[in-house]
*Asks:* 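A single structure is presented below for examination.
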Amino acid sequence: MATVVLITPATAVADHATNPHTPNMHAKGHSPHPATFLGVPDGVRHVNSDIAFWGNLAFHGNYDGFRIVDVADPDNPTEIVHQRCNGDQGDIVVWENILVRAWNSKKAVPRDCDGQTVPAGWEGVHVFDVGNLSNPNLVASVELPCGSHTLTAAPDNGRLIVYSNNSSSTGCGTSGNLAQENALGDFIDVIEVPFGQPQTANLLRREPLAGPITNARTGCHDMGVILGSVNLAACASADATNVFDVGANAHPGGTLADPVFLYTVSEPGVGQAGTNGRWHSATFSWDGKVLVLGWEPGGGSEPECQTTDPDVDKSMFFYDAHTGAKLGQWVLPRGQDGVAENCTIHNYNIVPLRNGRYIAVGGHYQAGTWVTEFTEPAHPVTIGWSDPPAISPPDLGGAWSSYWYNNFIYESSITEGLSVYRLSGNVIGGALRLGHLNPQTQEFSVP
């Protein structure tokens with residue numbers, strides 16, 4: 001699809017207003033949270049990571065805790081609090097007054113989380129009561145064998161089921177033996193957080209994974225869940241994405257707490273030995289017909305979306321959600337050819353439309369924020385984008401996540417904070433309004 005680049009003049013709103021972009025991508029407000037990887041060691045970093053939403057609040061994770069940002073006015077998002085919790089990653093999920101945060105890896109020395117000591121060697125998730133927005137309270141810590149890189153959550157009969165996924169099996173346990181570490185890491189950790197007693201959060205069980213196909217490292221990186229009449233879950237795992245029944249798609253049927261494995265999806269060149277990456281993210285069209293997968297060549301730190309790179313390194317993939325048959329792929333059309341522009345197809349969600357159109361909104365590191373239509377998965381179309389210039393001096397930055405939420409697009413910029421966009425035109429007009437959103441979870445389906 002041909003697009004026209006429009007450069008807007010600098011404004012006082014945010015730097016994202018000056019990015020090269022299509023005319024239909026309009027920069028709104030910005031909540032600053034400057035950070036960097038450059039010269040900043042682990043334990044001091046607070047780069048921005050993932051986002052979840054409840055009402056008019058955005059919960060914005062970072063490497064030292066999370067921020068709560070009032071987004072009632074998209075032109076002026078306002079930070080309410082930055083809650084400190086000094087473990088890297090900071091992926092978060094929210095349900096009413098409960099927030100669960102990922103602590104990715106063991107630390108050599110004790111750290112601090114909301115004033116409580118986190119022992120050296122600990123890894124897992126922390127559970128917060130965020131009922132008092134200005135003073136969130138740590139109420140539970142759940143230690144996990146391989147730490148927590150990403151989280152996906154869904155309500156289930158008086159409790160929140162949380163799927164915790166590790167970034168790699170490397171370092172699982174204490175043996176130092178790779179085969180034993182891989183065995184420990186080849187699971188999804190299923191956690192329950194009772195709504196009435198979040199302080200009793202616990203590791204309910206571990207769900208084993210099928211694969212890998214080659215000797216790529218094991219473990220589920222991230223999960224997508226769709227409920228309603230669909231009831232499927234997809235775990236982006238190594239070189240073999242695992243798809244599960246969490247409702248009535250198998251006999252016996254699976255549940256959120258005890259998924260039943262259905263099949264795997266693999267793609268030539270994705271996640272296999274020597275490709276320096278793995279399946280990264282999974283979601284579904286809102287009717288549950290299409291499974292949308294992305295992967296992370298270069299581990300998120302390498303320039304993998306250059307003009308000369310193969311298409312497989314800069315693609316979003318579409319599969320039949322019930323059979324795993326490939327339907328098509330979208331290739332990022334704008335080469336990231338600056339010096340060391342880290343780029344992959346990273347974190348995205350699908351706009352909930354009643355009209356049958358499939359629209360994805362995604363953040364792709366230094367490629368920025370993109371909107372893609374895949375109503376015909378074999379012929380996807382680029383709708384709009386905002387692509388920042390290369391960071392100078394080179395740094396690991398760009399859009400960690402970009403998500404649609406209630407007619408606006410929210411971008412987590414790794415080094416800048418939370419930026420807001422609006423896509424003009426009628427492409428996403430008539431989208432359903434949501435009371436909240438954990439982007440990896442679709443709590444209903446749209447026929």
*Asks:* Taking all non-hydrogen atoms of both residues, which atom of S164 and which atom of L144 are closest, and how far apart?
*Replies:*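 Minimum heavy-atom separation between S164 and L144: OG-CD1, 3.4 Å.
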
*Asks:* Can you tell me if S134 and N132 form a side-chain donor-acceptor pair at under 3.5 Å?
*Replies:*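 Judged by distance alone, the side chains do pair up.
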
*Asks:* Is any side-chain heavy atom of L423 less than 4.5 Å from a side-chain heavy atom of I383?
*Replies:*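 Yes; the side chains approach each other to less than 4.5 Å.
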
*Asks:* Applying side-chain contact (heavy atoms from CB on, under 4.5 Å) to V371 and T382, what does each step give before you reach the verdict?
*Replies:* CA-CA 6 Å; V371 182; T382 299; over 6 Å; no

*Asks:* Quick one: list whatever passes ring pair (Phe, Tyr, Trp, His ring centres under 6.0 Å) with Y348, sequence neighbours left out.
*Replies:*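 Scan of Y348 (ring pair (Phe, Tyr, Trp, His ring centres under 6.0 Å), adjacent residues dropped) gives none.
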
*Asks:* Is a donor on one side and an acceptor on the other found under 3.5 Å between the side chain of Y403 and the backbone of I350?
*Replies:*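 Between the backbone of I350 and the side chain of Y403 there is no qualifying donor-acceptor contact (under 3.5 Å).
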
*Asks:* Provide the closest heavy-atom pair for A282 versus L291 in the form atom of the first, atom of the second, distance.
*Replies:*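 So the two residues come closest at CB-CD1, 4.5 Å.
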
*Asks:* Among V69, D64, I68, find the one that has a side chain to side chain contact (heavy atoms under 4.5 Å, CB included) with F66.
*Replies:*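 That would be I68; it is the only one of V69, D64, I68 passing the side chain to side chain contact (heavy atoms under 4.5 Å, CB included) with F66.
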
*Asks:* Just how far is it from atom CZ of R84 to atom CZ of R111, taken to the nearest 0.5 Å?
*Replies:*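 Taking CZ in R84 and CZ in R111, the distance rounds to 13.0 Å.
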
*Asks:* Quick one, F284 and V230 - any side-chain contact, counting heavy atoms below 4.5 Å?
*Replies:*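 The answer is no, as the side chains (C-beta and beyond) never meet within the 4.5 Å cut-off.
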
*Asks:* So, Y63 versus N86: side-chain donor-acceptor pair below 3.5 Å or not?
*Replies:*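 On atom types as modelled, these side chains do not qualify, holding no pair under 3.5 Å.
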
*Asks:* Is there a donor in the side chain of T78 and an acceptor in the side chain of D70, or the other way round, less than 3.5 Å apart?
*Replies:*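 Side chains of T78 and D70: no pair found under 3.5 Å.
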
*Asks:* Backbone N or O of S386 within a donor-acceptor pair of the T369 side chain at under 3.5 Å?
*Replies:*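 Checking the backbone N and O of S386 against the side chain of T369, no donor-acceptor pair under 3.5 Å is found.
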
*Asks:* Could you verify whether a donor N or O on one side chain and an acceptor N or O on the other, from E296 and Y365, lie under 3.5 Å apart?
*Replies:*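 Judged by distance alone, the side chains do pair up.
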
*Asks:* Could you go through D387 and Q336, starting from their C-alpha distance and side-chain angles, then the distance that decides it, and tell me whether this counts as side chain to side chain donor-acceptor pair (under 3.5 Å)?
*Replies:* CA-CA 9 Å; D387 182 355; Q336 305 299 300; 2.8 Å; yes

*Asks:* Test N62 against V47 for side-chain contact (heavy atoms from CB on, under 4.5 Å), laying out the working first.
*Replies:* CA-CA 5 Å; N62 65 67; V47 298; over 6 Å; no

*Asks:* I'd like to know whether N104 forms a side chain to side chain donor-acceptor pair (under 3.5 Å) with H149, so could you lay out the CA-CA distance, the side-chain angles of the two residues, the decisive distance to 0.1 Å, and finally the verdict.
*Replies:* CA-CA 5 Å; N104 186 62; H149 192 70; 2.8 Å; yes

*Asks:* Just how far is it from atom CD of E302 to atom OG1 of T344, taken to the nearest 0.5 Å?
*Replies:*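 The distance works out to 11.5 Å.
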
*Asks:* Give, for atom CG of L232 and atom CG of L262, the distance between the pair rounded to the nearest 0.5 Å.
*Replies:*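 Atom-to-atom, L232:CG and L262:CG are 6.5 Å apart.
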
*Asks:* Over 60° means perpendicular and under 30° means parallel, so tell me whether W286 and F444 are parallel, tilted or perpendicular.
*Replies:*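 Geometry flag for F444 against W286: tilted rings.
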
*Asks:* Does R422 qualify as a cation-pi partner of F408, given the criterion of NZ or CZ under 6.0 Å from the six-membered ring centre and within 45 degrees of its axis?
*Replies:*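 Yes, R422 lies over the aromatic ring of F408.
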
*Asks:* For T200 and N202: C-alpha separation, side-chain torsions, deciding distance, then whether side chain to side chain donor-acceptor pair (under 3.5 Å) applies.
*Replies:* CA-CA 6 Å; T200 65; N202 65 93; 5.5 Å; no

*Asks:* Can you give me the closest heavy-atom contact between G397 and I391, atom names plus distance?
*Replies:*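 In this case the closest contact between G397 and I391 is CA-CD1, 3.7 Å.
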
*Asks:* Using every non-hydrogen atom in the two residues, find where T375 and G356 come nearest and quote the distance to one decimal.
*Replies:*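 Closest approach of T375 to G356, heavy atoms only: CG2-O, 3.8 Å.
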
*Asks:* With side-chain contact (heavy atoms from CB on, under 4.5 Å) as the test, would you mind laying out the steps for L256 and L227 before giving the verdict?
*Replies:* CA-CA 9 Å; L256 283 168; L227 303 179; 3.9 Å; yes

*Asks:* Nearest 0.5 Å please: distance from the CG atom of N165 over to the NE2 atom of H280.
*Replies:*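 Nearest 0.5 Å value for the CG-NE2 distance: 10.5 Å.
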
*Asks:* When you look at CZ of R354, are more than 12 heavy atoms from neighbouring residues, nucleotides or ligands closer to it than 6.0 Å?
*Replies:*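 It does not: R354 CZ has 12 such atoms or fewer within range.
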
*Asks:* Between W279 and V265, which heavy-atom pair has the shortest distance, and what is it?
*Replies:*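 Here W279 and V265 meet closest at NE1-O, 3.5 Å.
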
*Asks:* Output yes when a side-chain donor or acceptor of N48 lies under 3.5 Å from a complementary backbone atom of I414, and no otherwise.
*Replies:*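 The answer is yes, because a donor-acceptor pair under 3.5 Å joins these two groups.
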
*Asks:* Could you grab the distance from atom OG1 of T372 to atom CZ of F318, nearest 0.5 Å is fine?
*Replies:*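 Rounded to the nearest 0.5 Å, the OG1-CZ separation comes to 7.0 Å.
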
*Asks:* Ring-plane angle category for F53 and Y410, please: parallel below 30°, perpendicular beyond 60°, tilted otherwise.
*Replies:*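 Rings of F53 and Y410: tilted, 30 to 60°.
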
*Asks:* Apply the salt bridge (charged side-chain N to carboxylate O under 4.0 Å, His left out) test between D88 and each candidate in R45, K107, R101, K106; give the one that qualifies.
*Replies:*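 Going through the options one by one, the only one that passes is K107.
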
*Asks:* Would you call E373 and R357 a salt bridge, taking side-chain N to carboxylate O under 4.0 Å as the test?
*Replies:*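 Yes, this pair counts.
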
*Asks:* Got F244 and Y163 here, is their nearest side-chain heavy-atom distance under 4.5 Å?
*Replies:*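 No. Closest side-chain heavy atoms not under 4.5 Å.
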
*Asks:* Under 3.5 Å, side chain of D239 to main-chain N/O of I213, donor-acceptor pair present?
*Replies:*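 Looks like yes, one N/O pair under 3.5 Å.
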
*Asks:* Scan W295, W400, W370 and name whichever one has a ring pair (Phe, Tyr, Trp, His ring centres under 6.0 Å) with H346.
*Replies:*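 Result: among W295, W400, W370, W400 is the only option passing the ring pair (Phe, Tyr, Trp, His ring centres under 6.0 Å) with H346.
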
*Asks:* Which of parallel (below 30°), tilted (30 to 60°) and perpendicular (above 60°) describes H436 and W54?
*Replies:*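 Plane angle under 30°, so parallel.
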
*Asks:* Can you tell if the side chain of S281 reaches within under 4.5 Å of the side chain of T283, non-hydrogen atoms only?
*Replies:*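 Counting from C-beta outward, S281 and T283 never come under 4.5 Å.
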
*Asks:* With a 4.5 Å limit on heavy-atom distance, are the side chains of R278 and C220 in contact?
*Replies:*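 Of all side-chain heavy-atom pairs linking C220 with R278, none is under 4.5 Å.
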
*Asks:* Flag the pair Y405 / L434 as yes when at least one side-chain heavy-atom distance between them is below 4.5 Å, and no otherwise.
*Replies:*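 With C-beta onward as the side chain, the pair touches.
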
*Asks:* How close do V190 and A257 get, counting heavy atoms only, and between which atoms?
*Replies:*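 In terms of heavy atoms, the two residues are closest at CG1-O, 3.8 Å.
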
*Asks:* Regarding S237 and H221, do their side chains bring together a donor and an acceptor under 3.5 Å, going by distance alone?
*Replies:*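 No, because no side-chain N or O of S237 sits under 3.5 Å from a partner of the opposite role on H221.
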
*Asks:* Using modelled atom types only, decide if a donor and an acceptor are shared between the side chain of S412 and the backbone of S49 within a distance under 3.5 Å.
*Replies:*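 Side chain of S412 to backbone of S49, a donor-acceptor pair under 3.5 Å: yes, one is there.
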
*Asks:* So, taking the atom named CD1 in I359 and the one named CG in N349, what distance separates them when rounded to the nearest 0.5 Å?
*Replies:*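 Taking CD1 in I359 and CG in N349, the distance rounds to 12.0 Å.
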
*Asks:* Whether the side chain of N438 engages the backbone of Q440 through a donor-acceptor N/O pair (distance < 3.5 Å, no angle test) should be reported.
*Replies:*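 Between the backbone of Q440 and the side chain of N438 there is no qualifying donor-acceptor contact (under 3.5 Å).
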
*Asks:* Is it the case that over 12 heavy atoms from other parts of the model lie below 6.0 angstrom from the NZ atom of K326?
*Replies:*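 Yes - once you tally the heavy atoms of other residues, nucleotides and ligands closer than 6.0 Å, there are more than 12.
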
*Asks:* What is the ring orientation for Y421 with H16, classed by angle as parallel under 30°, tilted 30 to 60°, or perpendicular over 60°?
*Replies:*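 Plane angle over 60°, so perpendicular.
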
*Asks:* Test your reading of the model: is there a side-chain donor-acceptor pair from S445 to the backbone of S229, 3.5 Å cut-off?
*Replies:*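 Yes: the side chain of S445 pairs with the backbone of S229.
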
*Asks:* Could you walk me through whether H33 and R67 pass the side-chain contact (heavy atoms from CB on, under 4.5 Å) test, one step at a time?
*Replies:* CA-CA 9 Å; H33 190 73; R67 297 191 305 140; 3.4 Å; yes

*Asks:* Give every donor-acceptor pair under 3.5 Å between a side-chain atom in residues 113-122 and any protein atom, sequence neighbours left out.
*Replies:*
unit_1 : atom_1 : unit_2 : atom_2 : d
D114   : OD1    : Q83    : NE2    : 3.3
D114   : OD2    : L138   : N      : 2.8
Q116   : NE2    : L138   : O      : 3.4

*Asks:* Main chain of A240, side chain of N242: is a donor-acceptor contact present, judged purely on distance under 3.5 Å?
*Replies:*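 Looks like yes, one N/O pair under 3.5 Å.
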
*Asks:* Is a side-chain donor or acceptor of S148 paired with a backbone partner of W103 at a separation under 3.5 angstrom?
*Replies:*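 No, S148 side chain to W103 backbone: no donor-acceptor pair under 3.5 Å.
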
*Asks:* What's the verdict on side chain to side chain donor-acceptor pair (under 3.5 Å) for Y319 and Q329, showing C-alpha distance, side-chain angles and the deciding distance?
*Replies:* CA-CA 9 Å; Y319 302 90; Q329 72 187 73; over 6 Å; no

*Asks:* Measure from the side-chain N and O atoms of N249 to the backbone N and O of V246, and report whether any donor-acceptor pair falls under 3.5 Å.
*Replies:*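 No, because the side chain of N249 does not come within donor-acceptor range (under 3.5 Å) of the backbone of V246.
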
